[in-house]
Amino acid sequence: MSKRQLSTPERRATRSSGILEPIQQLSFTSKKRKKESQEIETSSSIVTSQHETVTPNLNKDIPLPAHLPNHLIPYLQVQKRAVIYALTRLNFVEPVLFSETKAFQELKQLIQGTIDRQEVIRLSGHSQTNDRLAMREIVRQIREQSGTDVFIDPKGEDSVQDDNDTNFPGEADLSLPPSSRLPQLISSLPSLGQPVVIILDAFDKFTEHTRQALLYCLLDTVQSCRGTLADSHPRDQSSSDPPDSTNKRAPTSTRNESGLLVVGITSRVDCVTLLEKRVKIIFELFKTILTTDPGLDHLVSSGWQTMWSKSIENILISKFSILDTGFLFQPRSGYSIVFSLTGTNTLIFPGKSVDFKQLSCLTALSPDSPWLTPTLLRENTVVQRCSTQHLFLRGLPYPHLSLLIAAMHTSVAGQEMFTFEMLYDKFTAQVRLTASAPVDSERGSINMPFIPRNILLGAFEDLIDNHVFCPAIPYASHISKEFMKYRSLATREDIKTTVDGIGQTAIKKWFYRNQ
Amino acid sequence: MADSQGPRTRKHEGIRAIKANAVPGFIHVHSPISIRHSREIIQTLLERGSSQGSENGSFLYVYLDGIQCFSSRLFYYRILEILLNQCNSNSEHEGPIPLEDLKQYTFDLSNFIRALRLISHKCNASIIIVIERVEKFKESLPELWTPLSRLNELARIPLSVITISRASWFELRPLDGSAIDPLLINVNPYNKQDSQTYLINLFPSRLDSTLSPYNPSFKPLYSHFIATLINICTVFLVDEIELGYIASACWPIFVQPILNQWRLQMEQSDNPQLTLPDEDARIRLTKYFSPLISHALEMLYPRTQHITEFVRENKLPEDIYLSDILQTSSIFQIKNKDISTSHSRTHGGRDVPVPPHIQALTTIAKYILVAAFLASHNPPKSDLKLFGRSSNEKGRRKKGGGTVKSRAVSRGKAKVPQRLLGPITFPLDRLVAIVGSIMEEYYEEQKNTESVQSDDENGDDDVNAKDIEMVVRKVQVLATITELVNQGLLDRIASEKAELDTMTYKCTINQTCAFALARELGIESLKDYMYDAEE
């Protein structure tokens, strides 16, 4: 019986250490880590079996220790690492800012499966910000992949000379082709001898290029091109490739031309509306929509696993709502999958209410507080997601706070812009006011301590550094720092929470004083 | 991973956790108070990680300051250069790119990414780019923001960008929403307890000599000292690095009486009983030195004084012993230096001396400065009321124009006094007129009372209005103004090409200085000449 019980955790252990390998590639100290985690796993099998004998009936009665026992600390590390690793892979789940990496990979796999031999040219709207950069990148990638040097001729070298754009000696091969050669370059793509696939990442950024010339040329070439990708592969081109789901493809066939496929990838739904009419007409011929399917790795480490999933369960049961961050926390299966990282490789994300950054509260876990709690989750959500900007104000010392309150009073008085002198004046006036009534209540003095001018000025500069005070007029050499005009970005609410938290009567009084 | 770092505090738990694990592609560390401490921790972790990983070359890292990179080429070049150097030293064979050819890879973003890819593949390592003060990029390289956040996906290699800034991500992110949101790590400032532990741990553990202030036997006393220091300073200051700076200035002075005592004992006997002060003495000692700590805060935190200068100035004499200290209550009684009153000093105070570089000016230059100050802080329309005289009644100012108060009330919105908004510009003519007006009233008096030199200005003893006008219209006045501009006491606003007549100026001296200067010139109440003087 004991043999049998032991065998399960052992199997799990080997499985999990295998899965952990890609994580180790990313971690800082791969070799050491690897050893460590293997040790963990081997020891885990023993630990686990103990656990299972003690509590045969899963989660129900597992006590969650407030402080993590020493033997489980490595598990916490592994768990954190696993989740964070998942995070690094999960970037693309971000609902608004859809990262294209995953789409790229899927597409590449797809293409490789379909066509035997092809040139794949990748362009990104983020790095190729104009047509000439894009052209150069095309030339270079073609040269790297096929060794052909079709596009640069001596004439082109000459015309480069009069380009005002960054030209450096010894960079002849990297020189920018003039934009006038764009149609020629693009139209010669199909005659390369093998199919060319052009992938345009951040497609929407390409629409910002001048006259959308690159897009037009590409699409125009595709339209007129008589070559076909299907020549090299029986699978067809005109009907839709079911697993593919990209914006557009357009292969056609002819004599010795080998075909051109243009793929645009974007996260913008309204991308088509950004296209110019002439581009759009061609574009409208082809369109499909992409959805990606994120995969998840598994983490299995038995004894830990039960406790961990129990703690997750606790969260799911608690059904709290994060009202102050503007959305409701709705526990669904997606959550449990993400947190436990087992069982399935599909995630159900309930709309906008979840994104991967909520998981990053894991980084705050420590042996002293090893479990996820609703509070932790809420705090983390506030930090990662909430647009209340100035959370850090809570930790600010007295001089900074005084300046913020002074700035607030100034703006209440109708002066949106203020100088340091104005705040200093307000502050000294307030100090004088409190000092004039030297009453010591039981809870302590109600006097506001005076702050030397230099220290207050230091605090002022701190707030500028923190972008809480932002300059309201451009810097000029003849305005000294005390008289530079600023505007405060801290809202009344921000300051209010800080003041309420700090519990100093004098400050509070000043804050609530009616101007 | 960070266990050897002494007691862990919650503050940097987030950073440590991230660093100890796989690194997400883009992290923003928001460290509003003590960015230097966060930087130190990240650097230590990176160094340790890279030295451990040097056996298998697991990662390369770059640490950059946003200030260094004010152009994109500079940014690319710097990163690639550091990476290549690390690559060369790690792998013991040439990096993928010779350093001489590096320039062409800084050409644009795609080249830079290509170079990154080459390096990463060659060294078989992931790359970590840490950029401090990344808020500078928002102004200097706005076009780089989005690619920077997406570098990981653009390069398609294991790469992560870590940005450290005092500004929060919500301030920095590009407005078009094209950047990927980073993993945010907020570094909260230390609380009292944390900074106390941190500072006490900084006490060195090795013994230099018995009479060193950092003798390990002082450690318990040092803990008490730190507690006092933190109690005094945390009202104003929470940055633990700054607190450490102040502590390092005050501690040698603090232990000096004890050291003096010990030295005396060592000289007197061969086997001295070197003891720390007892509880009562310790409390007296702390009480005695607490004004020094607040003085140090005032001088050192704004860096008004350098630390060595501070120590030299406040050092106790060699013959002060612990017993002397216990009889007096404050350090400044011995040193006879009433610094604690500086708290009550406000600007416009009576006893502020004129700064030496202004003191050295000629009398006429001082008049010009005072006049410039008035011109900069009074609205031009008030000149007639403040300086105007009727032709026959000498010394009497013109009436009318309404009082300052009634005018202020009649306006809807409260007007901010000019002294808070900073100096306004004034043309040369106005300055000369005001100089004339003041000199007419006071120059003569001063001549009579002082009757000292200043022969270079005017040899005659009796000066009447006409002479004053002569003085003022002299070329020398214009020369003096130019001189003052060169010294930075006046600011010339108009461009270089402008005619001398149309030149406008601004006065840069502050109110305190102007009042002191006025007193020196015998103008008893400069306030009378100010449109909205401080009450």
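In the text below, chain A, chain B and the rest are named by the order of the sequence lines, each starting its count at 1. All values below come from the heavy atoms of this structure, side chains included, with hydrogens, waters and symmetry mates left out.
- Heavy atoms closer than 4.5 Å to chain A are found in both the backbone and the side chain of B:S110.
- For chain A, the nearby part of B:E135 is the side chain; its heavy atoms alone come within less than 4.5 Å.
- A:N454 and B:R303 form no side-chain donor-acceptor contact under 3.5 Å, judged by distance and modelled atom types alone.
- Looking at B:P423 and A:F483, their side chains come closer than 4.5 Å, going by heavy atoms from C-beta outward.
- Neither the backbone nor the side chain of B:I35 has a heavy atom closer than 4.5 Å to any heavy atom of chain A.
- Rounding to the nearest 0.5 Å places CD of B:E143 at 14.0 Å from NE2 of A:H126.
- Between A:R140 and B:N111, the closest side-chain pair of non-hydrogen atoms falls below 4.5 Å.
- Expressed to the nearest 0.5 Å, how far CG of A:N466 lies from NE2 of B:H30 amounts to 6.0 Å.
- For the atom pair B:L154 CG and A:S124 OG, the distance stands at 4.5 Å (nearest 0.5 Å).
- Among the candidates A:P399, A:C470, A:P449, the residue making the largest number of heavy-atom pairs closer than 4.5 Å to chain B is A:P399.
- For the pair A:Q128 and B:L109, the minimum side-chain heavy-atom distance is 4.5 Å or more.
- Between atom CG of residue B:L420 and atom OH of residue A:Y424 there is a gap of 12.0 Å, rounded to the nearest 0.5 Å.
- Heavy-atom minimum distance, A:D425 versus B:R419: OD1-NH1, 3.5 Å.
- B:L421 touches chain A through backbone and side chain together, each having a heavy atom under 4.5 Å away.
- The CD atom of A:E421 sits 12.0 Å away from atom CD of B:Q418, with the distance rounded to the nearest 0.5 Å.
- Rounded to the nearest 0.5 Å, atoms CG (B:L151) and OG (A:S127) are 9.5 Å apart.
- For B:T234, the part lying near chain A is the backbone, with the side chain staying farther off; criterion is any non-hydrogen pair under 4.5 Å.
- For A:Y398 against B:V235, the heavy-atom pair with the smallest separation is CB-O, 3.1 Å.
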